[in-house]
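Okay, structure first, notes after.
Not measured: the values here are computed from a predicted model. In listed order, ligands and their atoms are each counted from 1.
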Amino acid sequence: MTNVLYEVADQVATITINRPEALNALNGDVLKDLGSAVAQAAADRVRAVLVTGAGEKAFVAGADIAAMATMTPREAQAFSELGNTVFRQVERLPMPTIAVVNGFALGGGCELALSCDVRLASVKAVFGQPEVGLGITPGFGGTQRLARTVGIGLAKEIIFSGRNIDATRALAIGLVNSVYEPAELMPAALKMAAGIAAKAPVAVRAAKAAINLGIQTDIDSGIALEAAYFATCFATEDQTEGMTAFVEKRKPAPFQDK
Ligand code: CAA
């Protein structure tokens, strides 16, 4: 995984796209390495995953334009399918994922951030879907996830105009959860991840699944899903400990993921 770094500390994985000389642009090799890192995080059963970009300038400046420039339609279809498969793998990780957006998040970079559950940004972050200016559409899920995140009207404006969005505007439209000074971004992300990691993991994963599956269905089916996930928590030792501790007016013992 030369193009992607993977580290685990305190039950939190950090995945770093590591191609700073090209502003972490995503070519086929980077995407495959990202897929391997995501699979590793799933296998390690970490409690949260941070996704970020190496260097000072970029989260990910998009899919690799030089690699795409001479693609045939058939090759472009395969490239889009590869990116979408890997980003769906990110989205389907059972534990929470946090995009730590330290700079440019354009095209495929914005789409990668959208595949994560939460987006935290530096004041220097720049978002956008500039693809139409290159003669293409977004190809790694932008037409689908941006509308689901900021609403259809804003998503259409952003994609049709190809204009960049600064961190302040990204916060105002709900594209990011919070904005930090550059030096405070990673500490804030690690603090959020540690807070999540300290909660009952089965409950956190069940809540993520209920939200992600429920948002795709009608309200009655979604509520039924929620009841089923709620019930599964009651078969866990962590629920017994969490509730017993409350009743006994003491702090719960650390949750064991059981
Ligand atoms: N693909 C390939 N290489 C890229 C790249 C990309 N998306 N973004 C940056 N790079 C490379 C540059 O070519 C340059 O390489 P060299 O040093 O070898 O010339 C290096 O990274 C540094 O970039 P710049 O010199 O351009 O840095 P800058 O500070 O002047 O500009 C930038 C920064 C505004 C982000 C500019 O690099 C840029 O506009 N990048 C492209 C952004 C973009 O259009 N992204 C969307 C791609 S299409 C897509 O993602 C499709 C999809 O949905 C799947």
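- Using a cut-off of 4.0 Å between Lys/Arg side-chain N and Asp/Glu carboxylate O, Glu241 and Arg250 are scored as salt-bridged.
- Asp117 and Thr97 share a donor-acceptor pair across their side chains, judged by distance under 3.5 Å alone.
- Between Arg19 and Asp64, at least one side-chain N (NZ, or NE/NH1/NH2) sits under 4.0 Å from a carboxylate O, which counts as a salt bridge.
- Residues Phe140 and Phe79 place their aromatic rings such that the two centres sit under 6.0 Å apart.
- The 4.0 Å heavy-atom shell around ligand 1 contains residues Glu21, Ala22, Leu23, Ala25, Lys57, Ala61, Gly62, Ala63, Asp64, Ile65, Met68, Phe104, Leu106, Gly107, Gly108, Glu111, Pro130, Glu131, Leu134, Ile136, Pro138, Gly139, Phe140, ordered by chain and number.
- For the pair Asp238 and Lys258, the salt-bridge criterion is not met [side-chain N within less than 4.0 Å of a carboxylate O].
- Side-chain atoms of Asp44 and Tyr6 form a donor-acceptor pair, as typed in the model, at a separation below 3.5 Å.
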